[in-house]
Number of protein chains: 2
Amino acid sequence: MTVEHHLKDHDLRVTDIRKRIYEYLVDLDTAVSHAELEMVFSNDFDRVTIYRTLNTFLDKGILHKIPTDTGSAKYALCKDHCTTEEHIDDHVHFKCSKCEKVVCLHDLEIPNVKLPENFKANNAVLMYEGLCDKCS
Amino acid sequence: MTVEHHLKDHDLRVTDIRKRIYEYLVDLDTAVSHAELEMVFSNDFDRVTIYRTLNTFLDKGILHKIPTDTGSAKYALCKDHCTTEEHIDDHVHFKCSKCEKVVCLHDLEIPNVKLPENFKANNAVLMYEGLCDKCS
DNA sequence: GTAACTGCAAAATATTTGCATCCTT
DNA sequence: AAGGATGCAAATATTTTGCAGTTAC
């Protein structure tokens, strides 16, 4: 399926920046911050538009947001078919404390934890921190 | 053990703001943001000093930082005896999407996930999101 | 043609830093 | 007494908003 189709599938108009950012993320195995995208695309697009593209992608279920303890969030492509209504990314994330990269471990599901009475979860985020395969 | 002893245990001088914030957190069952502390303490202390106190407590292993997807981090007391060198908070967190509170589920350990080859984790954060016991 | 998207300026929010003064030890 | 802690001002970092002009459909 082409990039154009992916965007239209999520009810989005096809624009340059959306194609470029989408393509960039598909080729990438790590999550990106806004700052990284800005370095790559600031010659062609405004930084505000990059923020808006990220938020649009989040809303449409193209991306998921990964909070980090460093002040700026990271974003990565959703694996399957998230939408505005249904947004589920139940895989494990890993953050390398050396190269600072965040990778999605799509094959690892978050294990089930029995929550205390009357806690009803509909989402979970599991982030490991340590040395990744390239840095260890 | 008194608050003063707890602070000295972590190589900290005993000052008003440190005592007040420490006491506030001990009495609390949820994680707090800087903004919440500011509302409580801004008459007595400067907002910058609150930031510095949080960072000092983080560094000394009194607090742990909980990144959220809302732009501002939350902080909660460490359970046992974290230090600057050893900082381990391997319990589950729960964020209520209604009341927005973040609680530490100290009794729930993060389950072991077998990471891919050559990934070496030394820390993990697991955050569930949904309705807490009071809101469900 | 029209609603949605983009760029630029500015605002809002979150956090850190410099420095003079004050306080704990 | 000395070094760490605080308050104030200012700087930096991150993200959002308003609006006019442009573009996808």
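Every chain is numbered from 1, with letters handed out A, B, ... down the list of sequences. What you see is a predicted model; the values in this text were computed from it and never measured.
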A.B. asks: Can you check whether any acceptor in the base of C/dG18 is under 3.5 Å from a donor in the side chain of B/Arg52, or vice versa?
C.D. replies: yes

A.B. asks: Look at the side-chain N and O atoms of B/Asn55 and state whether any lies under 4.0 Å from the OP1 or OP2 oxygen of C/dT16.
C.D. replies: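 Result: yes.
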
A.B. asks: In whole angstroms, how far is the C1' atom of C/dT6 from the CD1 atom of A/Ile21?
C.D. replies: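 Value for this atom pair: 12 Å.
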
A.B. asks: Rounded at 0.5 Å granularity, tell me how far NZ in A/Lys101 sits from CG in A/Leu28.
C.D. replies: 7.5 Å

A.B. asks: When the nearest nucleotide of DNA chain D is assigned to B/Gly71 and to B/Val48 on a heavy-atom basis, which residue is associated with the more 5' position?
C.D. replies: B/Val48

A.B. asks: Rounding to an integer number of Å, can you tell me how far B/Ile66 CD1 sits from C/dA14 P?
C.D. replies: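 Distance, rounded to whole Å: 17 Å.
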
A.B. asks: State, yes or no, whether a side-chain contact exists between B/Tyr75 and B/Ile66 at a heavy-atom distance under 4.5 Å.
C.D. replies: no

A.B. asks: Let me know the distance between CD of B/Glu38 and P of C/dT13, rounded to the nearest Å.
C.D. replies: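 Atom CD in B/Glu38 sits about 12 Å away from atom P in C/dT13.
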
A.B. asks: Using whole Å, what does the distance between atom C1' of nucleotide D/dT14 and atom CG of B/Asp69 come to?
C.D. replies: 15 Å

A.B. asks: Are the side chain of B/Ser33 and the backbone N or O of B/Ala73 linked by a donor-acceptor pair below 3.5 Å?
C.D. replies: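 Not confirmed, B/Ser33 side chain does not pair with B/Ala73 backbone.
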
A.B. asks: Salt bridge check, A/Lys60 against A/Asp11: does any charged N sit closer than 4.0 Å to a carboxylate O?
C.D. replies: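 Result for this pair is no, no salt bridge flagged.
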
A.B. asks: Which part of the nucleic acid does A/Asp11 contact within heavy-atom distance under 4.0 Å: base, sugar-phosphate only, or nothing?
C.D. replies: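 Counting heavy atoms under 4.0 Å across all strands, no contact is made by A/Asp11.
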
A.B. asks: If you assign each of A/Arg13 and B/Thr53 to its closest nucleotide in DNA chain D, which residue comes earlier from the 5' end?
C.D. replies: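 Here B/Thr53 is the residue nearer the 5' end.
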
A.B. asks: Choosing from D/dT6, C/dT15, C/dT6, which nucleotide comes nearest the side chain of B/Tyr51?
C.D. replies: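 The closest nucleotide is C/dT15.
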
A.B. asks: Taking CD in A/Glu109 as the centre, count heavy atoms belonging to other residues, nucleotides or ligands within less than 6.0 Å. Is the count above 12?
C.D. replies: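 Counting other residues, nucleotides and ligands, CD of A/Glu109 stays at 12 neighbours or fewer.
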
A.B. asks: For DNA chain C, whose closest nucleotide is more 5', that of B/Ser72 or that of B/Thr15?
C.D. replies: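 Residue closer to the 5' terminus by nearest nucleotide: B/Ser72.
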
A.B. asks: To the nearest angstrom, how far is B/Asp59 atom CG from D/dA5 atom P?
C.D. replies: 11 Å

A.B. asks: Write down the distance between CG (A/Leu37) and P (D/dT15), rounded to a whole number of angstrom.
C.D. replies: 11 Å

A.B. asks: Base, sugar-phosphate alone, or nothing: which one does A/Ala35 contact when heavy atoms must sit under 4.0 Å apart?
C.D. replies: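 The residue A/Ala35 makes no contact with any strand.
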
A.B. asks: Return the value, rounded to whole Å, for the distance between atom NE2 of A/His10 and atom P of D/dA24.
C.D. replies: 21 Å

A.B. asks: What nucleic acid atoms does A/Asp16 come within less than 4.0 Å of, heavy atoms only: base, sugar-phosphate, or nothing?
C.D. replies: nothing

A.B. asks: Both B/Ala73 and B/Leu12 contact DNA chain C. Which one's nearest nucleotide lies toward the 5' end?
C.D. replies: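 Its nearest nucleotide being more 5', the pick is B/Ala73.
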
A.B. asks: CG of A/Asp46 versus C1' of D/dT17: gap in Å, rounded?
C.D. replies: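 It is 13 Å, rounded to the nearest whole Å.
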
A.B. asks: From the options D/dT15, D/dG7, C/dC5, select the nucleotide whose nearest atom is closest to the side chain of A/His34.
C.D. replies: D/dT15

